[in-house]
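Numbers here simply count residues along the sequence, with the first being 1. For ligands, and for the atoms within them, numbers begin at 1 and follow the listed sequence.
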Amino acid sequence: MTTDLAWPIALTIGVDGVMSGATGAYDKLLGDLDGVYLNDGAFAEAVAAQGHDRLAYHVDEHRYGSDPGALIVGTSTLLPGRVGDEFAMTRGHLHARADRAELYHCLSGRGVMLMDTVDGRSQAVPMTPGVAVHVPGHWVHRTVNVGDEPFVTLFCYAADAGQDYDLISDAGGMSQLVVTDGADGWITRPNPRHTGYGSAA
Ligand SMILES: O=P(O)(O)OC[C@H]1O[C@](O)(CO)[C@@H](O)[C@@H]1O
Ligand SMILES: [Fe+2]
């Protein structure tokens, strides 16, 4: 029996995403999301108006290590906003080990989990507090904030999953856009730039 086993830990997780006991945290900034939104002109205007360094989303996470079987538990706080008619969203990815699943649980705000498979399936699941989405392996995923408040999720996934960001950018973006319905709701619309995911994963 090994003597360097990790100890269990209690994490305190607020509906605002603040997590006690986190081992790491990072920010993604508006300027980091170049090429993510369809409307390049609207993106350039947003960066000019709000600044490259405006926070887009913040992640707190707890890791014990990257052994197969270890988990990463964290919170993601995605600020509201729009770029053109698209709602604020994360960059999105397929796990580098594509078969790794992930659980997301909405703690506060109003959002959408947008998911694609490389063989052409797509799904958008509305998320409000109390709703969890179990993202199976092999699904490309991103979160979208369709409300006026921060959209906060608790997530949990395998520590050896990794993130492949090139798949989405090489495909011209995900297959669907999450856009305003012209009132206070959202709809999905096919992304005219999406070329398919090729033969990857
Ligand atoms: O890695 P992205 O696509 O920028 O999105 C961040 C989200 O995805 C995760 O990497 C989990 O898959 C979290 O860190 C966070 O919730
Ligand atoms: Fe993920």
Do ligand 1 and Y165 have nitrogen or oxygen atoms that lie under 3.5 Å from each other?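 N/O-N/O distance below 3.5 Å exists for this pair.
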
Proximal ligand 1 atoms for [X], defined as those under 4.0 Å from one of its heavy atoms:
X: Y104; answer: 7 (C), 8 (O), 9 (C), 11 (C), 12 (O), 16 (O)
X: E102; answer: 11 (C), 12 (O)
X: Y57; answer: 2 (P), 4 (O), 5 (O), 6 (C)
X: H95; answer: 12 (O)
X: Q163; answer: 10 (O), 12 (O)
X: S76; answer: 16 (O)
X: K28; answer: 1 (O), 2 (P), 4 (O)

Measure up the H62 and Y64 rings against each other and bin them: parallel (under 30°), tilted (30 to 60°), perpendicular (over 60°).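 The rings of H62 and Y64 stand perpendicular, inter-plane angle above 60°.
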
Can you check whether [Y]'s main-chain N or O pairs, donor with acceptor, with [X]'s side chain at less than 3.5 Å?
X: N39; Y: F43; result: no
X: N145; Y: L78; result: yes
X: R110; Y: T128; result: no

Give, for atom CG of L30 and atom NE2 of H52, the distance between the pair rounded to the nearest 0.5 Å.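 Here the rounded value is 8.0 Å.
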
Report yes or no: does R142 have a heavy atom closer than 4.0 Å to ligand 1? no

Check whether any heavy atom of G92 sits under 4.0 Å from an atom of ligand 1.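 Judged by the 4.0 Å heavy-atom criterion, G92 does count as contacting ligand 1.
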
Electrostatic pair [X]-[Y], nearest N-O below 4.0 angstrom:
X: D116; Y: R121; result: no
X: R54; Y: D27; result: no
X: E102; Y: R100; result: no

Give the cluster check for V140 versus V135: same hydrophobic cluster or not, with ILVMFWY residues linked at side-chain heavy-atom distances below 4.5 Å. yes

among protein heavy atoms, the one nearest atom 8 (O) of ligand 1 is H93 CE1, 3.2 Å

Residue and atom name of the nearest protein heavy atom (relative to atom 14 (O) of ligand 1), distance in Å to one decimal: Y26 OH, 2.7 Å

Take atom CD in Q163; do more than 12 heavy atoms of anything else shown fall under 6.0 Å from it?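 Atom CD in Q163 is packed in, count exceeds 12.
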
Is there a salt bridge (Lys or Arg N to Asp or Glu O under 4.0 Å) between R189 and D85 once you walk through the steps? CA-CA 11 Å; R189 192 171 71 209; D85 57 4; 3.0 Å; yes

Proximal protein heteroatoms (N, O or S) of the Fe ion (ligand 2), under 2.8 Å: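 For the Fe ion (ligand 2), the protein N, O and S atoms that sit under 2.8 Å away are H93 NE2, H95 NE2, E102 OE1, H141 NE2.
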
How about H141 and H95: are their ring centroids closer than 6.0 Å? yes

